[in-house]
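Here is the structure we will look at.
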Number of protein chains: 2
Amino acid sequence: MTGPVLEPLDQAIVRELSADGRRSFTDLAERVGLSVSAVHQRVRRLEQRGVIRGYTTRLDGEQIGLPLTALISLTPNDPAAPDDYPQRLEHITEIESCYSVAGDESYILLVRVASPLALEELLRKIRESAKVSTRTTVVLSTPFEGRSPTL
Amino acid sequence: MTGPVLEPLDQAIVRELSADGRRSFTDLAERVGLSVSAVHQRVRRLEQRGVIRGYTTRLDGEQIGLPLTALISLTPNDPAAPDDYPQRLEHITEIESCYSVAGDESYILLVRVASPLALEELLRKIRESAKVSTRTTVVLSTPFEGRSPTL
DNA sequence: GCTGAAAACATGTCTGC
DNA sequence: GCAGACATGTTTTCAGC
């Protein structure tokens, strides 16, 4: 039941790839002290096991035309309704992340939009799609975001 | 003042790299309809301009030994104190993201830890480092996270 | 700012340990 | 599970437009 702890070599590989997702196998091999083919083999296995879920690029929200970030808390309109909110929200691409949480509200969403008007429109879409009421917290600035975990 | 909108070819490149941060220049070139060297040139320029802030790897929190995610809201103990909270929190590596927000609280943090005990310890560290009181919302599950923005 | 070509380098596969 | 070798593919640089 308890997942086995990631072994030290895999941990080192994952740490390096988390810091720079485009690091080459050659580079990784040097850093973790294995041959290139051994690293290759381990990375493929980490991908297959789902430890590595994919690779992505960190972007500047301002510069890509999505300068407005917000956190939106969701409360079901009908508490007796079946809890399929994530499914109902999945198609809304402005929602970057969706967390099911303990507390007064059921879900917290992180969204990125182009403007206050786009946020207003998005909130309407969320309320209609999921039959929820929303509470919105606007992000004023982002001192840091998406830092690598400490393994 | 208004940043120029990302031009269509850069937009396409950024969209592809956001979906898969390890996509090769060869692959990107085919997808956006440019030569490999033109794509290479554009990606380097996007990195230098800070549109692309870096590359990272999406990991499974459970499998890397950080199964517990939480959102922590911060309220200053002394509202008159200088607002250098991000600096005071930066060294705490369990904090993945730090948002300055509009609302009752000043900041919201996203953190990942190994256990409830580690969360308790982390909260103590945050309160001491930043002289704040905290309100913690535990994440029960993550239906989705870190999806690519719609450009 | 683009293309195309060439050299350097990385990846993926396979063999043997 | 790892190392080494080899063929193939990718990155990086450069000349020319």
Side-chain angles (χ1 to χ4, degrees), chain A residues 1-66 146 148-149 151, chain B residues 1-66 146 148-149 151:
Chain A
M1 203 73 241
T2 304
V5 156
L6 215 55
E7 52 169 312
L9 280 168
D10 284 340
Q11 211 172 83
I13 289 170
V14 159
R15 198 187 310 115
E16 292 298 332
L17 279 175
S18 180
D20 179 359
R22 280 186 82 89
R23 208 148 265 172
S24 72
F25 293 122
T26 309
D27 192 349
L28 289 173
E30 279 175 19
R31 287 167 188 266
V32 308
L34 273 182
S35 70
V36 174
S37 55
V39 169
H40 188 268
Q41 203 170 27
R42 279 174 180 267
V43 171
R44 290 286 165 266
R45 230 179 87 240
L46 288 165
E47 289 171 353
Q48 277 167 14
R49 283 202 286 156
V51 177
I52 293 175
R53 298 166 89 94
Y55 304 92
T56 191
T57 300
R58 292 200 311 269
L59 300 169
D60 182 327
E62 311 271 337
Q63 295 200 66
I64 60 170
L66 299 171
S148 306
L151 300 173
Chain B
M1 203 73 241
T2 304
V5 157
L6 215 56
E7 52 168 312
L9 280 169
D10 284 340
Q11 211 171 85
I13 289 170
V14 161
R15 199 187 310 115
E16 292 298 332
L17 279 175
S18 180
D20 180 358
R22 280 185 84 88
R23 207 148 266 172
S24 71
F25 292 117
T26 310
D27 192 351
L28 289 172
E30 278 176 20
R31 286 168 188 267
V32 308
L34 274 179
S35 70
V36 173
S37 53
V39 168
H40 188 266
Q41 203 171 27
R42 278 173 181 270
V43 171
R44 289 287 165 265
R45 230 179 88 240
L46 288 165
E47 289 171 354
Q48 277 167 14
R49 283 201 285 157
V51 177
I52 292 174
R53 297 168 89 94
Y55 304 92
T56 190
T57 300
R58 291 199 312 268
L59 300 170
D60 182 326
E62 311 271 338
Q63 295 201 65
I64 61 170
L66 299 171
S148 307
L151 300 172

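Hydrogens, waters and symmetry mates are skipped; everything else that's a heavy atom, side chains included, is used. Letters go in sequence order (proteins before strands), and every chain restarts at 1.
- What separates CD1 of A:Ile13 from P of D:dG1 is a distance of 11 Å, to the nearest Å.
- Rounded to whole Å, atom C1' of C:dA10 lies 15 Å from atom CZ of A:Arg31.
- For B:Gln63 (side chain) and A:Arg49 (main-chain N/O), a donor-acceptor pair under 3.5 Å exists by modelled atom type.
- In this structure, A:Arg22 forms a cation-pi arrangement with B:Phe25, its terminal cationic atom sitting closer than 6.0 Å to the ring centre and no more than 45° off the ring axis.
- Looking at B:Glu7 and B:Arg42, a side-chain N of the basic residue comes within less than 4.0 Å of a carboxylate O on the acidic one, giving a salt bridge.
- Taking atom CZ of residue A:Arg42 and atom P of nucleotide C:dT11, one finds them 17 Å apart after rounding to whole Å.
- Using a cut-off of 4.0 Å between Lys/Arg side-chain N and Asp/Glu carboxylate O, B:Asp20 and B:Arg31 are scored as not salt-bridged.
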| said: Using a 4.0 Å heavy-atom cut-off to protein, can you give one letter per nucleotide of nucleotides 3-17 of chain D, 5' to 3': B if the base is in contact, S if only the sugar-phosphate is, - if neither? | reply: BB-----SBBB----

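- Distance alone, capped at 3.5 Å, places no donor-acceptor pair between the A:Ser18 side chain and the A:Ser148 backbone.
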